[in-house]
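Take a look at the structure set out below.
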Number of protein chains: 2
Amino acid sequence: MPDATPSSLYRPSLSLLTDLYQLTMAYGYWRKGMQDREAVFHLYFRKPPFAGGYAVCAGLAYAVDWLENLRFTDEDLTYLRSLHGQKGGRLFEEGFLDYLRDLRFSCDVDAIPEGTVVFANEPLIRVRGPLLQAQLVETALLTLVNFQTLIATKAARIREAVGPDDQILEFGLRRAQGFDGGLSATRAAYLGGADGTSNVLAGQQFGIPVRGTHAHSWVMAFEGEEEAFEAYADAFPDDSVFLVDTYDTLEGVRNAIKVARHLRASGHELGGIRLDSGDLTYLSREARRLLDDAGFPAVRIVASNDLEEQLVTALKLEGARIDTWGIGTKLVTAYDQPALGGVYKLAALQRADGSGWDYTVKISEQLAKTSIPGVLQVRRFFNEEGKPVADMLYNTAEPLPEQLTIVDPLDPTRRRPVKSAQYRELLEPVFRQGQRVLDLPTLEESRQKARQEVTSLDPGTRRFLNPHTYPVGLEKSLHDFRTQLILDKRPQRPA
Amino acid sequence: MPDATPSSLYRPSLSLLTDLYQLTMAYGYWRKGMQDREAVFHLYFRKPPFAGGYAVCAGLAYAVDWLENLRFTDEDLTYLRSLHGQKGGRLFEEGFLDYLRDLRFSCDVDAIPEGTVVFANEPLIRVRGPLLQAQLVETALLTLVNFQTLIATKAARIREAVGPDDQILEFGLRRAQGFDGGLSATRAAYLGGADGTSNVLAGQQFGIPVRGTHAHSWVMAFEGEEEAFEAYADAFPDDSVFLVDTYDTLEGVRNAIKVARHLRASGHELGGIRLDSGDLTYLSREARRLLDDAGFPAVRIVASNDLEEQLVTALKLEGARIDTWGIGTKLVTAYDQPALGGVYKLAALQRADGSGWDYTVKISEQLAKTSIPGVLQVRRFFNEEGKPVADMLYNTAEPLPEQLTIVDPLDPTRRRPVKSAQYRELLEPVFRQGQRVLDLPTLEESRQKARQEVTSLDPGTRRFLNPHTYPVGLEKSLHDFRTQLILDKRPQRPA
């Protein structure tokens, strides 16, 4: 019985990071000779997270890496060979495993770059290629993109709450969902708006600035708090932030000031103090007053303790004097909504005789869950000041009419004729026939893009409470086509 | 600027999976010559998750692996050498990096085995050894144990809701928090009570049974639903479960029955049908009736759609006819409480002159957050039927009185004299001076233990709503000592 551990997981193949049904369907398509029928799938979400007005997409770099490394190794195939059905026979015949061994990813992939602001129903990734392959990659794409998009969005909201000038440090590793739940959360949090992290591995792997102070245990390991602060200052005379709440917060601030004076006497300045419990508004104001009165107006106040964007907003409104926000659990687990419900839906399939597309739709009792057929692109229109005003989904496989009209998918009576001349197509080519054709931006570039994109949105779309719904609709001929397709597919039961 | 990707993370060292402050404190201790002072830390949580009455501990196997592989590689040290402070100087001097290069874990570790039922304030792991090392391992132990304990507990609750006979399949990978958020969630879910998973990599790595059906896209890729089912049945004549809700659920059941008849005619039996949307009570009852009437009483009904323990309980009460529960997002992200607030606190430190222990306590405004000093062990008492009746935390470094009394840490007037003669010490030796001394149980063994442990609890402790608080207290002399220590440490402000 194998029992994997983190260290044994460090191996080249993640191709089995998928749901079994991707492989059973692959086997079924292969048996039917359908493996190479050209298919189009879209990855999208149906509602922005946190009851918000937007999301910041992230995770594409991971998804690209996964696709580039998609190979079934001998070890993978040995495992698949070992799987048996209810009656004891092998689940997959050997010819299929041979097929998997030789499989090389050959799809076209178009995607919205990381850091772009995105909305409900917009394909973040479009995969077009052989049915078997385009289906096979579903689970990994969802796993990698759902989570990082969720966390980047959370970080962007926290950035909105703290404002452009304060510092955000992500501190969440110890409460993260597994080691990669920590690592990829740190990456996405930085992309979305954090300034640094406590996570050293993420610093090493992603080049994110790392920051740290000391724990309560440091103070407890010395006779007294002042002695503990002196010892820390001795090790880091120019980089000390003292955690002041081990025994009594304001006493802690007074001890920090004593040591700050000693530091100054020897030519150094205390960097900051950190509050980690209690009434952060009261304590930060008192601490600020004590520090200012003692001649230390530049000492920063770092605060932490289960903070998130709503609490940060409240603290700011109450006049808390906090310069650096340490955000942990609530950020890296997206505590109030720990999953983004991204889906991956088949939208078009070449006819068996090659005579064109059969468009497909998944029907649901709820219109919001009914999928959108086509080979979709997202066109974002801008006004004369360069602000985004509406997004239009359209089918690239059909001609566009002269006059464009956008139809709200949930209320088809809401229609907008397009006036803007300026637009951008959001999906960019990433793979062509399995070869990567896009140089990925650096994490730093994606981070700058995220901030730019969020600030370009209307404040109504950015607010936390009942945000304005940014207009995203279907180009009218796509809307009409989809409506007819649903009517055709849905059984018409007598009332 | 490095930008790590899953494949590049597969490398031997995870030693930097830590918060920077562990390393800055290590440097500080090393500079003060305090690195080898003997220290005792405990890892524990303060409240069971999900407002429940217990937790099922998990993740120790990962933690042990991490500790066994704790080495600072040249690559790790190169990164640490590259870190600079505010004034541009190096954060860590070279002598310290040499020290890290030669560092070998030499602590004693005692821990509660995976699958054991645990309660608030009980040390799940006790680390005793050189201060620098015992501190350094904090973050990784918390990351690995917090998450798996959370998910194992969630799975145990879902097992309670479905009952002992139904099947639970974990389907959550696509919504998991990163690839390891998926993998380690699958492991912990199986340990806590799931019967199988869709996650193929987890199947390969941990030997967990893998299961899968097909997606809506499979049905959409064929002309009609019946044809799609026929094609799937052709590939898996003895292992087919048909997803019936692509267009209309009960029509889907009727199509499934047609194909089940064809299967039977050729000597095979349909395995099941799967419902993934709509009113699961109504649809499962109708589906059961249709299947039974058609002569297929053995065809299983699988249901999924954002299920968790409360919803399962409601469906059961309403008379839903579901045999297999597919649980995804709500299980692998522990949706209603996506983090366990485990902490790691210094509890004792050898005096500099080696003359005995200095006990330490972290004081908080809330008594529940004040830590417990000592070199702790947990003794679980059992009644004559072998049921656990109370747990006692005591300090192994001090003699125990003849007559044991347990004091509730939150209400010291609640005291219980111990009558039971039967008990078990929960913490077992795992490492002695850095060498592992325990053979870890297999995942299967831990899973069986978990089920046994949960069912041995009083139903009042197991219920979801306002569970009975299982008695966990401090041995009276420990309680008295702790109270005095708090009085000594807390500044006594005049009222």
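Lettering of chains follows the sequences in order, A, B, ..., and the numbering in each one begins at 1.
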Relative to chain A, which segment of [X] carries a heavy atom at a distance below 4.5 Å: side chain, backbone, both, or neither?
X: L340(B); value: backbone
X: V332(B); value: backbone
X: L131(B); value: side chain
X: D234(B); value: both
X: R31(B); value: side chain
X: Q86(B); value: both

Note to self: Once you measure the plane-to-plane angle for Y29(A) and F222(B), does it fall in the parallel (<30°), tilted (30-60°) or perpendicular (>60°) bin?
What the structure shows: parallel
Next item on the list: Quick one: pull up OG1 in T213(A) and CG in D19(B) and give me the separation to the nearest 0.5 Å.
Entry: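 With rounding to 0.5 Å, OG1 (T213(A)) is 9.5 Å from CG (D19(B)).
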Note to self: If I take atom CG from residue L17(B) and atom CG from residue L183(A), how far apart are they, to the nearest 0.5 angstrom?
What the structure shows: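 Here the rounded value is 6.0 Å.
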Check: Non-hydrogen atoms of chain B under 4.5 Å away: do they reach the side chain of E138(A), the backbone, both or neither?
Finding: side chain
Check: Partners of Y335(A) by ring-ring contact (aromatic ring centres under 6.0 Å, His included), sequence neighbours excluded?
Finding: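 Listed in chain order: nothing, the list is empty.
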Item checked: Partner residues of F41(A) under the ring-ring contact (aromatic ring centres under 6.0 Å, His included) criterion, sequence neighbours left out ->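 F41(A) satisfies ring-ring contact (aromatic ring centres under 6.0 Å, His included) with Y344(A) once adjacent residues are dropped.
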Notebook entry, point to check: Between P338(B) and T333(A), what is the shortest heavy-atom contact and its length?
Noted result: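 Closest heavy-atom pair between P338(B) and T333(A): O-CG2, 3.8 Å.
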Check: Where is the tightest heavy-atom contact between D76(B) and Q204(A), given as atom of each residue plus distance?
Finding: OD1-NE2, 3.8 Å
